[in-house]
Amino acid sequence: RLLRFPSALKIEPFARGRVELVEVRIPEHSVLDGMPLWAIYKEFQVKILICAVQREGKVFIPSGAFVLQAGDKINVTAPHLEIAKFFRIIGIFRSSVKSVMIIGGGRMAYYLAKEMLMLRVRVKIIELDMKRCEYLCEMLPEAVIIHGDGTDKELLQEEGLEKTDAVVTLTSMDEENIVVSLYAKVKKVSKVIAKINRISFDEILDKLDIDGFISPKTIAANNIVRYVRAMQNSVGSSNVETLHRLINDQVEALERLCFPEDPWSRQIFEEALTDGSAVNLAALGPEGTVLGYVNCTIVLDEGDRLLEDGN
């Protein structure tokens with residue numbers, strides 16, 4: 001997802017992929033710097049919902065009066081086309097990558113390369129183990145497989161590091177992944193993603209000039225927690241379909257179905273509007289179309305979905 005939407009730092013899908021929760025950083029001198037949230041639609045006519053804002057280590061669930069600043073990380077909910085439109089307006093849109101260099105040829109590299117080749121992206125994998133290279137050549141005939149050390153600066157330059165659209169470091173060592181990723185950023189690669197296994201130093205990782213981090217252990221744990229929480233919340237017909245934990249587990253976003261007999265569907269809007277609770281909502285139709293947000297007057301039909309974002 002990050003390679004298909006390079007402007008984003010993180011992406012979480014909802015409504016079977018028709019709606020996305022995307023994290024981006026507001027750049028310096030952005031048109032959003034100093035703008036309150038209520039003015040965004042008035043100014044740009046784009047249907048997005050800013051669910052959460054990260055600023056100086058703190059997380060805010062913003063109201064319409066919240067004023068954005070350069071350097072803020074914002075979590076935006078909208079269908080894919082609306083997010084792309086929003087990114088173009090604020091000047092951070094980048095086209096999907098056309099070529100990717102993968103450092104390390106393990107299982108993750110294989111499945112990532114397979115997905116990228118299906119999207120007609122040019123793939124190059126650098127792997128140190130000769131037998132693994134032979135396997136990858138057989139299984140991925142459309143990819144370019146290089147036998148060599150992916151941490152060798154001269155090899156990276158020879159294989160066109162500076163000309164590739166994206167670099168993904170997937171070796172078994174966090175240190176190598178981070179160092180190669182930082183080198184790729186020095187060489188002006190537009191999208192760099194690093195795999196890490198130890199995420200306890202997240203405050204340090206946030207300060208590194210790397211576009212994104214992925215942790216297999218965290219992904220697996222979040223999927224398990226998401227399933228368990230969804231099952232727990234489904235007791236009593238709450239109809240939770242998707243649950244994501246965001247911003248170092250400080251925020252949860254969930255998707256649920258609403259039905260006429262469900263009092264939650266009728267009460268949540270009144271509660272969110274009257275008691276000042278830290279919650280944002282988007283209502284989606286069966287095809288993923290945005291019906292409205294919490295400050296809109298809308299009518300929910302049976303089968304509509306709500307995205308709730310709060311702490």
Notebook entry, point to check: How about F60 and F66: are their ring centroids closer than 6.0 Å?
Noted result: yes
Note to self: Please determine whether residues I74 and W38 belong to a single hydrophobic cluster, defined as Ile, Leu, Val, Met, Phe, Trp and Tyr linked transitively by side-chain heavy-atom distances below 4.5 Å.
What the structure shows: no
Next item on the list: Report the C-alpha separation of M130 and E134 in whole Å, then their side-chain angles, then the decisive distance to 0.1 Å, and conclude whether the side chain to side chain contact (heavy atoms under 4.5 Å, CB included) test is met.
Entry: CA-CA 6 Å; M130 186 61 186; E134 294 173 351; 3.9 Å; yes
Next item on the list: Check whether any side-chain heavy atom of L37 lies under 4.5 Å from a side-chain heavy atom of L68, and answer yes or no.
Entry: yes
Next item on the list: Identify the two heavy atoms, one from A194 and one from T169, that lie closest to each other, and give their separation to 0.1 Å.
Entry: CA-OG1, 3.2 Å
Notebook entry, point to check: Does atom CD of Q45 have more than 12 heavy-atom neighbours from other groups under 6.0 Å away?
Noted result: yes
Next item on the list: Would you tell me whether Q157 and Y183 have side-chain atoms, one donor and one acceptor, within less than 3.5 Å of each other?
Entry: yes
Notebook entry, point to check: Is there a donor-acceptor pair under 3.5 Å between the side chain of S30 and the backbone N or O of I26?
Noted result: no
Next item on the list: Report the distance from atom CG of L32 to atom CD1 of I92, rounding to the nearest 0.5 Å.
Entry: 8.0 Å
Check: Is it true that V179 and V186 fall in one hydrophobic cluster, defined by side-chain heavy atoms closer than 4.5 Å?
Finding: no
Check: According to a 4.5 Å side-chain heavy-atom criterion applied to Ile, Leu, Val, Met, Phe, Trp and Tyr, with indirect links allowed, do I83 and L81 form part of one hydrophobic cluster?
Finding: no
Notebook entry, point to check: Under 4.0 Å between a Lys/Arg side-chain N and an Asp/Glu carboxylate O for E162 and K188?
Noted result: no
Note to self: So, applying side-chain contact (heavy atoms from CB on, under 4.5 Å) with M101, which one of D165, I125, L156 is it?
What the structure shows: L156
Next item on the list: Find out whether C51 and L21 are in side-chain contact, i.e. whether some heavy atom of one side chain is under 4.5 Å from a heavy atom of the other.
Entry: yes
Check: Atom CD1 of I48 and atom CD1 of I90: how far apart are they, to the nearest 0.5 Å?
Finding: 8.0 Å
Next item on the list: Please round to the nearest 0.5 Å and tell me the distance separating atom CD of E127 and atom OH of Y110.
Entry: 15.0 Å
Checklist line | Non-hydrogen side-chain atoms of I40 and V46 separated by less than 4.5 Å | finding: yes
Item checked: CD on E175 to CD1 on I196, rounded to 0.5 Å -> 11.0 Å
Next item on the list: Taking the side chain as every heavy atom from C-beta outward, state whether L140 and L117 have any atom pair closer than 4.5 Å.
Entry: yes
Next item on the list: Check G150 against V180 and note the closest heavy-atom contact, atom names and distance.
Entry: O-CG2, 3.9 Å
Notebook entry, point to check: Can you tell if the side chain of N177 reaches within under 4.5 Å of the side chain of L170, non-hydrogen atoms only?
Noted result: no
Checklist line | N-O pairing of R55 and D72 below 4.0 Å | finding: yes
Notebook entry, point to check: Which distance, rounded to the nearest 0.5 Å, do you find between the CE of M173 and the CD1 of I178?
Noted result: 11.0 Å
Next item on the list: Could you tell me whether a side-chain N or O of N75 sits under 3.5 Å from a main-chain N or O of E23, the two making a donor and an acceptor?
Entry: no
Next item on the list: Kindly work out whether a path of hydrophobic side-chain contacts (I/L/V/M/F/W/Y, heavy atoms less than 4.5 Å apart) joins V123 to Y111.
Entry: yes
Check: Do R132 side-chain atoms and G105 backbone N/O form a donor-acceptor pair below 3.5 Å?
Finding: yes
Next item on the list: State, to 0.1 Å, how close P36 and A65 come at their nearest heavy-atom pair, and which atoms those are.
Entry: CB-O, 4.3 Å
Next item on the list: For the residue pair F44 and M35, establish whether any side-chain heavy-atom pair is separated by less than 4.5 Å.
Entry: yes
Item checked: ILVMFWY cluster, V76 and V67 together (side-chain gap under 4.5 Å) -> no
Check: Would you call D211 and K185 a salt bridge, using N to O less than 4.0 angstrom?
Finding: yes
Check: Between H147 (side chain) and L128 (backbone), is there a donor-acceptor pair under 3.5 Å?
Finding: yes
Notebook entry, point to check: Is there side-chain contact between I193 and I214, with at least one heavy-atom pair below 4.5 Å?
Noted result: yes
Check: Counting distance only, does the side-chain N/O of K124 pair as donor-acceptor with the main-chain N or O of I145 below 3.5 Å?
Finding: no
Check: Would you say the side-chain atoms of D174 pair up with the backbone N or O of N197, donor to acceptor, closer than 3.5 Å?
Finding: yes
Notebook entry, point to check: With a 4.5 Å heavy-atom cut-off, do V59 and V53 have their side chains touching?
Noted result: no
Notebook entry, point to check: Is the backbone of T171 close enough, under 3.5 Å, to the side chain of K195 for a donor and an acceptor to pair up by distance?
Noted result: yes
Item checked: Whether Q69 side chain and D33 backbone form a donor-acceptor pair below 3.5 Å -> no
Note to self: If you compare all heavy atoms of G104 against all heavy atoms of A109, which two are closest, and at what distance to 0.1 Å?
What the structure shows: O-CB, 3.1 Å
Check: Looking at OG1 of T164 and NZ of K187, how far apart are the two atoms once the value is rounded to the nearest 0.5 Å?
Finding: 14.5 Å
